[in-house]
Protein chains: 2
Amino acid sequence: MDQAKSPNIHHLFQQSFPTVARTPSTPITEHLAYLLAQANREINRQLDARFKKEGVPVEQWRILKVLSDGKGHSMGDLADAVLLNHPTLTKMVDRMVSDALVYRVQDPDDRRKVVMFISDRGKTLTQRLNSLALSQEAHIAENYGNKATADLKRLLESLIEKAN
Amino acid sequence: MDQAKSPNIHHLFQQSFPTVARTPSTPITEHLAYLLAQANREINRQLDARFKKEGVPVEQWRILKVLSDGKGHSMGDLADAVLLNHPTLTKMVDRMVSDALVYRVQDPDDRRKVVMFISDRGKTLTQRLNSLALSQEAHIAENYGNKATADLKRLLESLIEKAN
DNA sequence: CGGGAATTGTTGAATATTCAATATTTTCCT
DNA sequence: AGGAAAATATTGAATATTCAACAATTCCCG
């Protein structure tokens, strides 16, 4: 590899600055994508820490929460709702079925489909997880501010909506 | 599975509502953790799509971008900066070394450490990636609004700061 | 009706990530 | 000084995710 000369035309204009002077370019920390990743990671980490004593990953809580409306949900709907792609969801649901948290029923109206339901065991677990999650939200709202939290949520919703 | 009776004491108070009346509990879509995950996923997906023609995952762009300051960075610093845990970073850097985008040097002051540098090949790639990323940011700012984008960034920064 | 195309979900192989253990070097403490 | 503890990075095994292929069913259109 030739490490010799500056590969872009900028160096023509940089000769008067002898030492360094590379194109500045926005630091990674100012990119929206990065800020979202960082915030998401941190909040998720905290939530996971709270869920740890129940031994349930955040994704399973999402699944349980969606199913707690009591209605049946197809795998496809679930996958969209919980932000998982299909094969990942299938395998996670397999585990949850083993743990008797949810169960599958074949949709009688469309036999390609599977309809997922939450079990009673799943329901009681969901309640414990919900209160852990709520306590986290309360904790955030506490030292981040109610207004800021509400504003942030609103902006995120709007971003998500626009992004489609 | 016994789906028969409501498992919590609430049902004592719900007897006057004969039909259903389960505890409402916030829908998943109102939780901050979920909104962050969703927004992050979507923005990342879009960025990945743009990077696709370069065949570079977003994480590698982050690494390249951090290293483009020309200074050397230890693996630990890098891992923090690019939101990857150490073993994952090690293996990703292995690939990038194979691709001659970055290289390792042992830190002479502390021989436990490795100092990472970006190669010239890495620099030119970074420039192409930067402009793809900037065009995405521009696209977002365009149909989401400059104010909203700035507000969102500010709120995210503040959340991240508070969360530590 | 019949059959190709589309939809839905799962599987298996390939890939990536994570956890725990390890190796190496430095720091700290007495 | 000298040895235990901490810091840094990597490795290998276990686990998880993804991609592509598949199977089953339904849809659609001629």
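Residue numbering restarts at 1 for every chain, and letters A, B, ... go by the order of the sequence lines.
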*Of all the choices, D:dT18, C:dG9, D:dT10, which nucleotide is nearest to the side chain of B:Thr90 once you look at every atom?*
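Selected nucleotide: D:dT10.
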
_A:Asp94 vs B:Glu59, nearer the 5' end of DNA chain C by closest nucleotide_ = A:Asp94

*Mark yes or no for a side-chain to base donor-acceptor pair under 3.5 Å between B:Arg112 and C:dT24, with no hydrogen or angle criteria applied.*
no

*Side-chain-base donor-acceptor pair under 3.5 Å for A:Lys91 and D:dT18*: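 Check passes, donor-acceptor contact within cut-off.
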
_Earlier contact from the 5' end, DNA chain D, for A:Asp110 and A:Leu84_ = A:Leu84

*asked:* Using heavy-atom distances to pick each residue's nearest nucleotide on DNA chain D, tell me which of A:Arg95 and B:Gly76 is more 5'.
replied: B:Gly76

*A:Lys65-B:Ser25 side chain donor-acceptor pair, cut-off 3.5 Å*: yes

*Compute whether any side-chain donor of one residue and acceptor of the other, for A:Asn85 and A:Thr88, lie under 3.5 angstrom apart.*
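Judged by distance alone, the side chains do pair up.
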
Just N and O in the side chain of [X]: are any of them under 4.0 Å from OP1 or OP2 of [N]?
{"X": "B:Ser74", "N": "D:dA9", "value": "yes"}
{"X": "A:Arg111", "N": "D:dA23", "value": "no"}
{"X": "A:Thr88", "N": "D:dT17", "value": "no"}

Round to the nearest Å and state the distance from [X] atom [atom1] to [N] atom [atom2].
{"X": "B:Leu78", "N": "D:dT8", "atom1": "CG", "atom2": "C1'", "answer": "13 Å"}
{"X": "A:Asp48", "N": "C:dT18", "atom1": "CG", "atom2": "C1'", "answer": "13 Å"}
{"X": "B:Asn85", "N": "D:dT10", "atom1": "CG", "atom2": "P", "answer": "13 Å"}
{"X": "B:His86", "N": "C:dC19", "atom1": "NE2", "atom2": "C1'", "answer": "14 Å"}
{"X": "A:Arg41", "N": "C:dT17", "atom1": "CZ", "atom2": "C1'", "answer": "12 Å"}
{"X": "A:Met92", "N": "D:dT15", "atom1": "CE", "atom2": "C1'", "answer": "11 Å"}
{"X": "B:Met75", "N": "C:dT24", "atom1": "CE", "atom2": "C1'", "answer": "15 Å"}
{"X": "B:Lys52", "N": "D:dC19", "atom1": "NZ", "atom2": "C1'", "answer": "11 Å"}

*asked:* Please find the pair of heavy atoms, one from B:Arg41 and one from A:Leu84, that lie closest to each other, and give the distance.
replied: NH1-N, 4.2 Å

_Any carboxylate oxygen within less than 4.0 angstrom of a Lys/Arg side-chain nitrogen, looking at B:Glu42 and A:Lys162?_
no

_Audit row: B:Leu101, B:Ile118, side chain to side chain contact (heavy atoms under 4.5 Å, CB included) steps and yes/no_ = CA-CA 6 Å; B:Leu101 299 173; B:Ile118 189 170; over 6 Å; no

